[in-house]
Every structure is written in C-alpha cells, then in structure tokens.
Amino acid sequence: MTPSRDIAGLIDIMARLRTPVTGCPWDLEQNFASIAPYTIEEAYEVADAIARHDLGDLCEELGDLLLQVVFHARMAEEQNAFAFGDVVEAITRKMIRRHPHVFADKDGKLTPAEVKGAWARIKAEEKAERAARQPAGKAAPSSLLASIKAGQPSLTQAMALQRKASSVGFDWNDPRAVLAKIREEADEIEAALDRGDAQEVAAETGDLMFALVNLARHVGADPDLALRGTNVKFERRFGYIEQALAAQGRTLQDASLQEMDALWEEAKKTEAVVPAG
C-alpha cells in the first residue's frame, strides 16, 4: 500500500489490521475499553502541540487522533453497530442543525450571543429527542448536572460543571469575586496546615483548584491549555538552569536553592517579551 490523502485509504488500513489471521495480533486483541486510554492520550498530545505552537507536530498528532476515530469505528462496524461513514454523517447532521443561520437561513444575521443561544436551544432539543428514544420506564436524570460526563479529565469536568451551574444564574458576575474566593481557599489551606490535618489540606487544595478553574472560565482561558503552557514554560526555564550550571562545569546537585532561584530569574529576563497589541 502507498500513503494516501483519501480517508478511504486509512479506513482500509485499519480494516486490514483488524482482519483475523492476516491482521496485526496487537490490533486484533483490542476493544473499545483498551483503546480509550490511547484516544485520551492522543487528544492531550494534540493540545500539547498547540501549546508549543508546533504546527508540524500538530499535523502529525491530528493524524494520530484521527486514527483513534477510525479504530473505534472499525470495531463498531465489526459488531454491526455503525461504521465510519455513520460517524461522519452524524456529526455533519448535527453541525448543520446547530447552525441554521449558516445552512438554513442564509440571510439571517445573528450576533455571537444569539448564535450561542440558538446552539443551547438546539442542544436541548436534541437531548429531549434522545430521552424520548430511551426505553419506557427508564427515568430521566433529575439533576441539572447529570449530563456532565464523569470520566473526563478533572479540569474539563470542573469547567463543565461551572458552565452548567452558570446557565441558571449560579455564578459570580465579576472575576474579582472569584479572586476573593481563591484567597479564601488559600487561607483555608493555611489553617488546615496549621492544624496538621493532611486530609483537610488535600480537600481544601481541591477547592482551590476548582476556584482557579472558575477564574480561568471568567477570563476566557482554557485551564488545561493554560496549565500546559505554563508546563512548557517551566521546562524551558528549568532547562536554562541546567545549561547555565553545565557551562560552569556543575550539576543541579552542586547548586543551592538560592543559586537555582537566581538562574530562574535570569531565565525569565532572557525570554522574549511579546509586544502588546
């Protein structure tokens, strides 16, 4: 086989990998559950490439993520549940339905807020239709938060919970109010440290992280991408410390905390400052 720009080629490769006897032994023994962690990992690697502004790597990581979709679709097709084409049809139908101002009413002029409102209304309609398709006697979730997926990463789940609560007015109106809550949570951690209660410290730390996600939401930042960006920055600055010490013929173990802190500040000063605007 030769590489192809046609999705059909990738679908065919996966079919051959999953063909009994002649396929790949590792691919053949996989199932939805065993592949799910790889799917999550690939999504994180896409986010990492974005945080590093590496478009070449992003192209490759998007391919890895696409492979995960093809893999799941192939396993579903083997069970006569659905195929890759059904996945594509379902998402195109959903996008067309959720953008009537683009695909249905081409003369419609909606503001971003109106688009967001229409999106929420249509999602609610879709949710009601899914509920109507449920077997008779199956109770619908009673909580507003019941639709939030429990298996997603904690930062993403926290953001989803807060957005859902905000939809009914349970929210702050000013990011500064969230800052006050962050200070309150930090004080509670300090009090728990003073009491020597490790379990309470852990619980209060979780509260602080939840408040930080809330701040990110209020200022329009994605908490996961923001943290990934900081991780990249930490690696870069720590690498500066290692290189500076190596230039002196020394190692990290040879340096004091004060020396490393001083080199950290040097690293911050050497970083390019992005012009405002």
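Everything numeric in this text was worked out from a predicted model, so none of it was measured.
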Between atom CG of Asp187 and atom CD of Glu204, what is the distance when rounded to the nearest 0.5 Å? 10.5 Å
Are Leu66 and Phe32 grouped together when hydrophobic residues (ILVMFWY) are joined by side-chain heavy atoms under 4.5 angstrom apart? yes
Smallest separation among heavy atoms of Val178 and Leu215, with atom names: CG1-N, 3.5 Å
Interatomic spacing from CD in Glu185 to CG in Asn214 - rounded to 0.5 Å: 10.5 Å
If we ignore hydrogens and angles and just use 3.5 Å, is the side chain of Ser166 paired with the main-chain N or O of Gln162 as donor and acceptor? no
Spacing of CD belonging to Glu29 relative to CZ belonging to Arg18, to within rounding of 0.5 Å: 10.0 Å
Could you tell me whether Met209 atom CE has more than 12 heavy atoms of other residues or ligands within 6.0 Å of it? no
Taking all heavy atoms of Ala221 and all of Met159, pick out the closest pair and write down the distance. O-CE, 3.8 Å
Would you say Tyr44 ends up clustered with Val46 if hydrophobic residues are merged whenever their side chains have heavy atoms under 4.5 Å apart, either directly or through other cluster members? no
Could you check if a side-chain atom of Arg52 sits within less than 4.5 angstrom of a side-chain atom of Asp57, using non-hydrogen atoms only? yes
Could you tell me whether the side chain of Arg217 reaches within less than 4.5 Å of the side chain of Val213, counting heavy atoms only? no
Report yes if some heavy atom in the side chain of Asp194 is under 4.5 Å from a heavy atom in the side chain of Glu190; otherwise report no. yes
Pair Tyr38-Gln68, side-chain donor/acceptor within less than 3.5 Å: no
Atom CD1 of Ile13 and atom CZ of Arg74: how far apart are they, to the nearest 0.5 Å? 13.0 Å
Between Glu265 and Lys269, does any side-chain N to carboxylate O distance fall below 4.0 Å? no
Using the rule given for side-chain contact (heavy atoms from CB on, under 4.5 Å), can you reason through Lys181 versus Asp207, listing the C-alpha separation, both sets of side-chain angles and the distance that settles it, and then say yes or no? CA-CA 10 Å; Lys181 183 64 176 177; Asp207 291 346; over 6 Å; no
With side chains defined as the heavy atoms from C-beta onward, is the minimum distance between Asp224 and Pro153 less than 4.5 Å? no
Looking at Asp86 and Ala83, would you say the former's side chain and the latter's main chain have a donor-acceptor pair under 3.5 Å? yes
Here the gap from Met14 atom CE to Thr19 atom OG1, rounded to the nearest 0.5 Å, amounts to 11.0 Å
Of the non-hydrogen atoms in Leu155 and Leu227, which two are nearest, and what is the gap between them? CD1-CD2, 4.3 Å
Can you find a heavy atom in the side chain of Leu245 that is under 4.5 Å from one in the side chain of Asp254? no
Working note: Glu89 + Arg93, criterion salt bridge (Lys or Arg N to Asp or Glu O under 4.0 Å); need CA distance, chi angles, decisive distance, verdict. CA-CA 6 Å; Glu89 182 183 12; Arg93 181 187 301 113; 3.1 Å; yes
Counting distance only, does the side-chain N/O of Asp6 pair as donor-acceptor with the main-chain N or O of Gly9 below 3.5 Å? no
Would you call Glu271 and Lys233 a salt bridge, using N to O less than 4.0 angstrom? no
Do you know the tightest heavy-atom contact between Val69 and Phe84? CG1-CE1, 4.0 Å
Applying a strict under-4.5 Å side-chain criterion to I, L, V, M, F, W and Y, I'd like to know whether Leu257 and Phe234 cluster together. no
Derivation and outcome, salt bridge (Lys or Arg N to Asp or Glu O under 4.0 Å), residues Glu259 and Arg250: CA-CA 12 Å; Glu259 289 175 308; Arg250 305 169 67 201; 3.0 Å; yes
Minimal non-hydrogen separation, Val87 against Ala73, with atom names: CG2-CB, 4.5 Å
Begin with the C-alpha distance, continue with both residues' side-chain angles, and end with the deciding distance and a verdict on side-chain contact (heavy atoms from CB on, under 4.5 Å) for Thr39 and His72. CA-CA 9 Å; Thr39 307; His72 285 288; 2.9 Å; yes
Closer than 3.5 angstrom, by distance alone: can the side chain of Thr205 be matched with the main-chain N or O of Val201 as a donor-acceptor pair? yes
Establish whether Ile7 and Leu62 are linked, either directly or via other cluster members, by ILVMFWY side-chain heavy-atom contacts under 4.5 Å. no
Is Ile148 close to Gln157 at the side-chain level, that is, under 4.5 Å between some pair of heavy atoms? yes
Taking atom CD of Gln199 as the centre, does the number of heavy atoms from other residues, nucleotides or ligands within less than 6.0 Å exceed 12? no
His99 and Met95: which non-hydrogen atoms are nearest, and at how many Å? ND1-O, 2.7 Å
Once you round to the nearest 0.5 Å, how far does CD of Glu60 lie from CG of Leu65? 13.0 Å
More than 12 non-hydrogen atoms from neighbouring residues, nucleotides or ligands closer than 6.0 Å to CZ on Arg97, yes or no? yes
Report yes if some heavy atom in the side chain of Leu17 is under 4.5 Å from a heavy atom in the side chain of Phe71; otherwise report no. no
Stepwise, does the salt bridge (Lys or Arg N to Asp or Glu O under 4.0 Å) test hold for Asp174 with Arg176? CA-CA 5 Å; Asp174 187 346; Arg176 290 174 180 80; 3.7 Å; yes
Intermediate values then yes/no, side-chain contact (heavy atoms from CB on, under 4.5 Å), Ile91 and Lys94: CA-CA 5 Å; Ile91 188 60; Lys94 182 184 295 183; 4.2 Å; yes
Decide whether Trp172 and Leu161 are clustered together by the hydrophobic rule: side chain heavy atoms of Ile, Leu, Val, Met, Phe, Trp, Tyr closer than 4.5 Å, transitively. no
So Glu242 and Phe238, do their side chains get closer than 4.5 Å, heavy atoms only? yes
With sequence neighbours left out, the residues meeting side-chain contact (heavy atoms from CB on, under 4.5 Å) with Val168 are Leu144
